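Working notes, structure below.
In what follows, every heavy atom counts, from backbone to side chain, and hydrogens, waters and symmetry copies are set aside. Please read all numbers here as calculations on a predicted model, not as lab measurements. Both counts, for ligands and for their atoms, begin at 1 and track the order of listing. Position 1 is the first residue of the sequence, and the numbers go up from there.
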Amino acid sequence: MTDRYAVIGNPIEQSKSPLIHTAFAQVTGQDIEYTKVLGPLGGFAQAVDAFRLAGGRGMNVTAPFKLDAFAYATDLAPSAQLAGAVNAMKFDGDKVYAENFDGVGLVRDLVHNLGCSLQGRRVLILGAGGATRGALLPILAQGPAEVVIVNRTAVKAQELADLARQHRSGAVPVSGMGYTDVTGAFDVVLNATSASLTAELPPLSLAVFAPACLAYDLTYGKGLTPFLKLAGQAGVKRLADGVGMLAEQAAEAFAWWRGVRPDTRNVIEQLTVPLI
Ligand code: ATR
């Protein structure tokens, strides 16, 4: 019997998840159907209830429902707890298991696809919103030398650093600050702000980019964002956007649902927008 999955969001037309999961199902020989659900604003729970009643086995969750999904879940994984947001659900009877695979997807893309180990490296994360919350634990688990969170609203970065320290007993130094307080150069600079969506540039100094640094914009499909341009001006040769993260978080969800992890190379190739 064909098992049903879907992505829920509003709007939902732009979602690449059906394309990605359908490709994964083909290469792994899994009998699934993956569709888009336009969730009515204020009607998330009813829409998910209806999908479950019709036999749905799991869902991805995109904007603006990641917090609704957090409230809807019965069993939250630690990744979802720290992120305060859910991007994948699995249904089993009355149980709603919930995960946030954005952070593991990012780390998998950095380490596996881009060959950029985080171990012993200085990592700078721009932004202290949902994207950073999702990324923090998986990044810390890689054992970087240090993680600095920088945000326009410095107090939000400090609060997130405190939270990360509580979750990971202080093995890796984590600090939060405003842009003018950042010192030194970093091996990996991650733009997890929403600035690239509106072609804005975070107020970042060129000095943060170490010569052999990787600059990574978590946004996908925007080409050379102002952040990546700035990194280029600083002499950074290794630039990447979030297409690999998108594919890898999907692969994590697929593996969680189906017990088999698909190769992501073809999907990444298909979805890559050149950085020009
Ligand atoms: P998301 O879930 O995508 O992370 P969010 O929770 O609204 O979205 O967080 C957006 C992040 O991008 C915040 O850290 C925000 O900084 P502030 O907390 O100071 O508002 C950051 N951000 C958005 N636009 C920015 C810009 N033009 N320059 C720098 N940071 C920006």
Side-chain angles (χ1 to χ4, degrees), residues 7-12 14-17 39 41 44 60-71 76 79-88 98-107 109 123-140 147-164 174-182 186 189-209 215-231 233-234 241-243 245-246 248-249:
V7 56
I8 182 167
N10 187 334
I12 198 60
Q14 78 294 345
S15 175
K16 302 286 183 209
S17 292
L41 297 176
F44 174 81
N60 283 121
V61 182
T62 189
F65 296 127
K66 290 185 179 187
L67 298 179
D68 297 86
F70 186 87
L76 289 162
S79 63
Q81 279 169 20
L82 182 67
V86 161
N87 87 333
E99 278 276 2
N100 189 317
F101 290 123
D102 287 334
V104 277
L106 168 66
V107 166
D109 191 35
V123 178
L124 179 66
I125 310 178
L126 280 51
T132 300
R133 291 178 76 106
L136 259 179
L137 274 192
I139 287 175
L140 291 172
V147 171
V148 174
I149 305 165
V150 58
N151 199 41
R152 272 187 320 201
T153 320
V155 66
K156 276 172 68 182
Q158 285 152 2
E159 282 167 7
L160 209 45
D162 289 344
L163 196 65
V174 190
S175 51
M177 59 193 69
Y179 283 90
T180 49
D181 294 324
V182 180
F186 294 81
V189 182
L190 305 166
N191 182 14
T193 71
S194 51
S196 300
L197 298 176
T198 45
E200 288 167 24
L201 180 63
L204 192 64
S205 150
L206 289 175
V208 302
F209 298 102
Y216 188 110
D217 201 318
L218 274 65
T219 308
Y220 143 74
K222 297 282 179 192
L224 205 57
T225 61
F227 163 76
L228 291 175
K229 259 186 217 151
L230 183 79
Q233 283 160 19
D241 76 357
V243 64
M245 173 181 173
L246 175 74
E248 295 299 340
Q249 65 75 29

Shortest heavy-atom approach to atom 25 (C) of ligand 1 - which of Arg152, Lys156, Arg133: Arg152
Asn60-Ser17 side chain donor-acceptor pair, cut-off 3.5 Å: no
Proximal atoms of ligand 1 relative to Glu200 (non-hydrogen, under 4.0 Å): 26 (C), 27 (N)
N or O pair under 3.5 Å between Thr132 and ligand 1: no
Where ligand 1 meets Gly127 - atom numbers and elements under 4.0 angstrom, heavy-atom basis: 14 (O)
Pairwise side-chain contact, Val61 with Asp68, heavy-atom cut-off 4.5 Å (strictly under): no
Heavy-atom check, side chain of Asp241 versus side chain of Thr219, under 4.5 Å: no
Polar proximity ligand 1 side, Gly130 side, N/O cut 3.5 Å exclusive: yes
With Asp162 via side chain to side chain donor-acceptor pair (under 3.5 Å) - residues at least two apart: Arg165
Geometric N/O contact Ala131 with ligand 1, under 3.5 angstrom: yes
Atom 17 (P) of ligand 1 - nearest protein heavy atom and its distance: Thr153 OG1, 3.4 Å
Compile the donor-acceptor pairs under 3.5 Å between side chains in residues 151-161 and protein atoms, sequence neighbours left out, one pair per line.
residue: Asn151; atom: OD1; partner: Ala128; partner atom: N; Å: 3.3
residue: Asn151; atom: ND2; partner: Thr153; partner atom: O; Å: 3.1

Protein contact of atom 10 (C) of ligand 1 - nearest heavy atom, named by residue and atom, plus distance: Ser194 OG, 3.5 Å
Sub-4.0 Å atoms of ligand 1 with respect to non-hydrogen atoms of Asn151: 13 (C), 14 (O), 15 (C), 16 (O), 17 (P), 18 (O), 19 (O)
Side-chain touch Pro64/Leu41, heavy atoms, less than 4.5 angstrom: yes
Per-atom contacts, ligand 1 versus Pro202 - under 4.0 Å to a heavy atom: 28 (N), 29 (C)
Location of contacts on Thr193 toward ligand 1, heavy atoms closer than 4.0 Å: both
Ligand-residue contact atoms, ligand 1 with Ala128, heavy atoms, under 4.0 Å: 14 (O)
pair Val123-Phe186: side-chain heavy atoms closer than 4.5 Å: no
Top protein contact for atom 9 (O) of ligand 1, by heavy-atom distance: Gly129 CA, 3.4 Å
Main-chain N/O of Gly127 paired with Thr132 side-chain donor or acceptor, under 3.5 Å: yes
Asn100 side chain vs Ser79 backbone, donor-acceptor pair below 3.5 Å: no
